[in-house]
S.K.: 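I have a structure I would like to understand better, so I am pasting it below and will then ask my questions one at a time.
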Number of protein chains: 2
Amino acid sequence: MTVDLRAVAEASGVSISTVSRALSGSPRVSPTTRQRVEKIAASLGYRPNVVARGLRTRQSNLIGLVIPNLVSFTFVQLFSDLQRGFREHGYEIVLSVTNSDPEQELASFQTLRGHQVDGVVVIGSYEVSTEYLRTTGLPAVHLFRPPERPAGDCITIDDVESTRSSIRLLAEKGHRRIAFINGRDPETMDGYRVALAEAGIPFDDELVHVGGYNTDTGIAGVDKVLALDDPPTAVYFGCYETWLSGIPRLQELGRTVGDDVSIVCRDDAPMLRWWRPSITVTDVEVGRIAGLAISRLLDAISVRTAGGRTESGRYQVSAKLIERDSVVELSAS
Amino acid sequence: MTVDLRAVAEASGVSISTVSRALSGSPRVSPTTRQRVEKIAASLGYRPNVVARGLRTRQSNLIGLVIPNLVSFTFVQLFSDLQRGFREHGYEIVLSVTNSDPEQELASFQTLRGHQVDGVVVIGSYEVSTEYLRTTGLPAVHLFRPPERPAGDCITIDDVESTRSSIRLLAEKGHRRIAFINGRDPETMDGYRVALAEAGIPFDDELVHVGGYNTDTGIAGVDKVLALDDPPTAVYFGCYETWLSGIPRLQELGRTVGDDVSIVCRDDAPMLRWWRPSITVTDVEVGRIAGLAISRLLDAISVRTAGGRTESGRYQVSAKLIERDSVVELSAS
DNA sequence: TTGAAAGCGGTACCAA
DNA sequence: TTGGTACCGCTTTCAA
């Protein structure tokens with residue numbers, strides 16, 4: 001039924017070893033033999049059993065991707081880019097979604113390791129599970145949110161700068177009452193403060209709403225700032241969850257995006273591109289992150305194969321501002 | 001470094017075979033030995049090497065999931081449900097996205113088979129690649145769009161009925177000019193026709209726009225029907241791609257969803273739930289599909305393990321109407 | 001109830 | 001350049 005090395009060997013009249021060498025591009029095979037073997041292997045439809053090979057070579061050509069969810073469009077893009085990139089190097093991805101649950105994350109690592117994945121790309125990473133990665137020595141790369149004691153290289157976003165550029169844009173368009181709605185993240189908050197300071201706008205606690213990374217935060221934030229006597233003319237949403245609920249909430253409360261209130265969001269999605277007015281966002285260049293993640297992980301894997309152990313480095317990628325139509329110039333009143 | 005059976009055996013003072021039996025719940029081990037071995041294995045942090053086991057037992061405990069994209073929210077949910085379900089049975093998912101490209105699909109199957117996946121769940125399936133599945137005998141289940149000559153059980157949606165119920169809802173609310181925008185799919189079209197007939201509404205070709213499964217179709221469709229002398233009071237969008245672009249287009253052309261034009265969409269997404277007014281949809285019960293897919297595939301796998309071969313059956317799942325706020329009663333004029 | 005040994009499909013060393 | 005053979009970690013007869 002299944003065509004293995006032995007079948008090819010018999011059909012070509014050489015030994016299994018020779019077939020193995022011929023097919024894996026070893027120089028220790030005569031060109032003639034190689035050609036013949038390759039031909040026969042192809043005609044028989046031979047496909048190497050990656051599992052058997054892996055048992056011997058101690059590598060599975062499998063990479064684990066461990067992420068909190070697949071709802072955020074950035075993660076979807078990331079998966080797509082990582083899959084394409086890793087395939088070029090002969091790796092397939094085993095995807096594991098953790099729902100931001102530490103236990104599920106740890107379980108993912110254990111299962112993945114049981115399947116002998118050669119390395120993992122992780123977004124999230126709680127302390128327990130990171131500890132597991134460290135002790136097992138499984139090559140790893142952390143994306144977006146680095147744990148305190150990382151198990152491998154960390155690739156992060158320049159959150160300060162991405163927020164700062166968004167707020168600066170709003171300030172340049174004449175906005176001075178700029179609301180800030182986000183999950184709890186000090187760096188993003190810093191970016192907001194810095195940009196305000198640069199624009200000479202006083203910080204006003206009333207315009208800020210910080211909660212969890214969920215839709216409730218978006219609703220509560222919008223409700224809070226719109227109830228103000230001196231409501232904002234612009235709103236900055238720091239993450240997917242907040243804008244997903246926050247923008248509709250603005251509408252529901254009778255505000256028209258653009259005309260009544262300018263908006264900048266972080267984390268792009270197809271919807272934001274399509275909506276009218278289309279929404280201005282800052283978004284991460286997922287392709288760059290993916291590329292970096294791939295090269296760092298492959299590096300870590302080869303270092304480990306060689307028996308080495310590296311210090312974990314840090315790489316920061318900046319987000320770029322994509323100007324669309326949700327920010328309008330505020331006429332001097 | 002890595003704890004294998006031998007390590008556990010040495011630590012427990014029994015043979016490898018005994019440890020294997022003890023740990024895999026074989027009855028041919030004394031309770032005493034079993035307990036001791038289990039304890040030692042746990043203390044050593046033993047984790048079976050799934051790869052080695054797979055080589056021996058000819059099963060990888062890996063399932064391939066082959067889908068066109070991860071953009072459609074239905075697919076994301078599906079992955080999530082399948083992952084949860086398969087894990088309960090000890091399987092992990094290797095995800096492969098094809099971008100609706102026949103070549104990528106075929107390549108996915110080949111790669112997946114190289115990794116010895118025990119079976120595949122497929123959405124899409126072109127003829128060439130399905131042929132590959134059939135000839136290799138890889139257990140498979142087709143979801144949503146069955147190929148002409150399937151390689152395994154097919155689980156489909158009752159497209160006629162889902163569309164029919166949507167149109168019926170609109171008709172009941174007094175709409176008689178109901179536009180239909182969708183990709184090319186005869187069954188959905190049938191549902192539209194049937195529902196119109198049932199409501200005594202004449203079919204009007206001008207209200208229909210059928211194109212590819214892409215955002216262009218949404219735009220073109222909306223443009224076409226709004227340009228009519230007697231424009232529709234309601235629009236039915238048959239798929240994600242059309243509503244994603246179509247709803248914003250309606251807005252752009254000055255129509256307010258609900259007030260000016262009622263809407264029903266197929267394929268739910270978080271956005272539709274959040275938007276104001278929230279959008280009425282028909283959506284598939286992904287959980288049921290996933291459950292069915294899992295049981296059918298597991299069945300096919302065990303049949304194949306037993307050396308058998310089954311006829312491929314068909315299962316149809318109905319979509320349900322989720323009424324929200326985008327459909328308004330049309331006052332008799 | 002236990003252990004020895006064969007073998008799953010490859011790779012890689014060693015000898016020829 | 002080729003073939004023989006041990007071995008990767010585990011399961012599974014077969015004997016004891």
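Chain letters run A, B, ... following the sequence lines, proteins first and then strands; every chain starts at 1. None of these values were measured; they are calculated from a predicted model.
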S.K.: Below 3.5 Å, does any donor atom in the side chain of A:R6 face an acceptor in the base of C:dG10, or the other way round?
M.R.: no
S.K.: To the nearest Å, how far apart are A:R36 CZ and D:dT1 P?
M.R.: 15 Å
S.K.: Where the side chain of A:T33 is defined as all heavy atoms beyond and including C-beta, which of D:dT1, D:dA6, C:dG3 is the nearest nucleotide?
M.R.: D:dT1
S.K.: Test A:S312 against A:R296 for side-chain hydrogen bond (donor to acceptor under 3.5 Å, both in side chains), laying out the working first.
M.R.: CA-CA 10 Å; A:S312 53; A:R296 297 323 306 145; over 6 Å; no
S.K.: The side chain of A:Y46 lies closest to which of these nucleotides: C:dT2, D:dT2, C:dG10?
M.R.: C:dG10
S.K.: Check whether any side-chain N or O of B:S20 sits under 4.0 Å from OP1 or OP2 of D:dC10, and answer yes or no.
M.R.: no
S.K.: Donor-acceptor pair under 3.5 Å: do we get one between B:R58's side chain and the base of C:dC8?
M.R.: no
S.K.: Does the side chain of B:R53 get closer than 4.0 angstrom to OP1 or OP2 of D:dT11 through an N or O atom?
M.R.: yes
S.K.: Of the options D:dC10, C:dA12, D:dT2, whose atoms approach the side-chain atoms of B:N49 most closely?
M.R.: D:dC10
S.K.: Is the count of non-hydrogen atoms from other residues, nucleotides or ligands lying under 6.0 Å from B:E127 atom CD greater than 12?
M.R.: yes
S.K.: Take the protein atom CZ of B:R34 and the nucleotide atom P of C:dT2, then report the distance between them rounded to whole Å.
M.R.: 10 Å
S.K.: Separation of A:N61 atom CG from C:dT11 atom P, in whole Å?
M.R.: 11 Å
S.K.: Considering only D:dT1, C:dT11, C:dT1, which nucleotide approaches the side chain of A:L5 most closely?
M.R.: C:dT11
S.K.: Between A:L55 (CG) and D:dT11 (C1'), how many Å, whole number?
M.R.: 13 Å
S.K.: With a cut-off of less than 4.0 Å, is there a side-chain N or O of A:T18 near OP1 or OP2 of D:dG3?
M.R.: yes
S.K.: Using a 3.5 Å distance criterion without hydrogens, assess whether the side chain of A:T57 forms a donor-acceptor pair with backbone atoms of A:R53.
M.R.: yes
S.K.: Where the side chain of B:S15 is defined as all heavy atoms beyond and including C-beta, which of C:dG3, C:dG10, D:dT1 is the nearest nucleotide?
M.R.: C:dG3
S.K.: Under the side-chain contact (heavy atoms from CB on, under 4.5 Å) test against B:T74, which residue among B:D283, B:I289, B:I67 passes?
M.R.: B:D283
S.K.: Between the base of D:dG3 and the side chain of A:R21, is there any donor-acceptor pair under 3.5 Å?
M.R.: yes
S.K.: Measure from the side-chain N and O atoms of B:Y240 to the backbone N and O of B:Y213, and report whether any donor-acceptor pair falls under 3.5 Å.
M.R.: no
S.K.: Using whole Å, report how far CG of A:D118 lies from P of D:dC8.
M.R.: 18 Å
S.K.: What does A:V14 touch in the nucleic acid at a heavy-atom separation under 4.0 angstrom: a base, only the sugar-phosphate, or nothing?
M.R.: sugar-phosphate
S.K.: Nearest heavy atom decides the nucleotide; on that basis, is A:I16 or A:R28 closer to the 5' end of DNA chain C?
M.R.: A:I16
S.K.: Would you kindly give the CD-to-C1' distance between A:Q59 and D:dC8, to the nearest whole Å?
M.R.: 13 Å
S.K.: Confirm from the modelled atom types if A:S17 and D:dG4 form a donor-acceptor pair under 3.5 Å, side chain to base only.
M.R.: yes
S.K.: I need the CG-P distance between B:D4 and D:dT11, as an integer number of Å.
M.R.: 12 Å
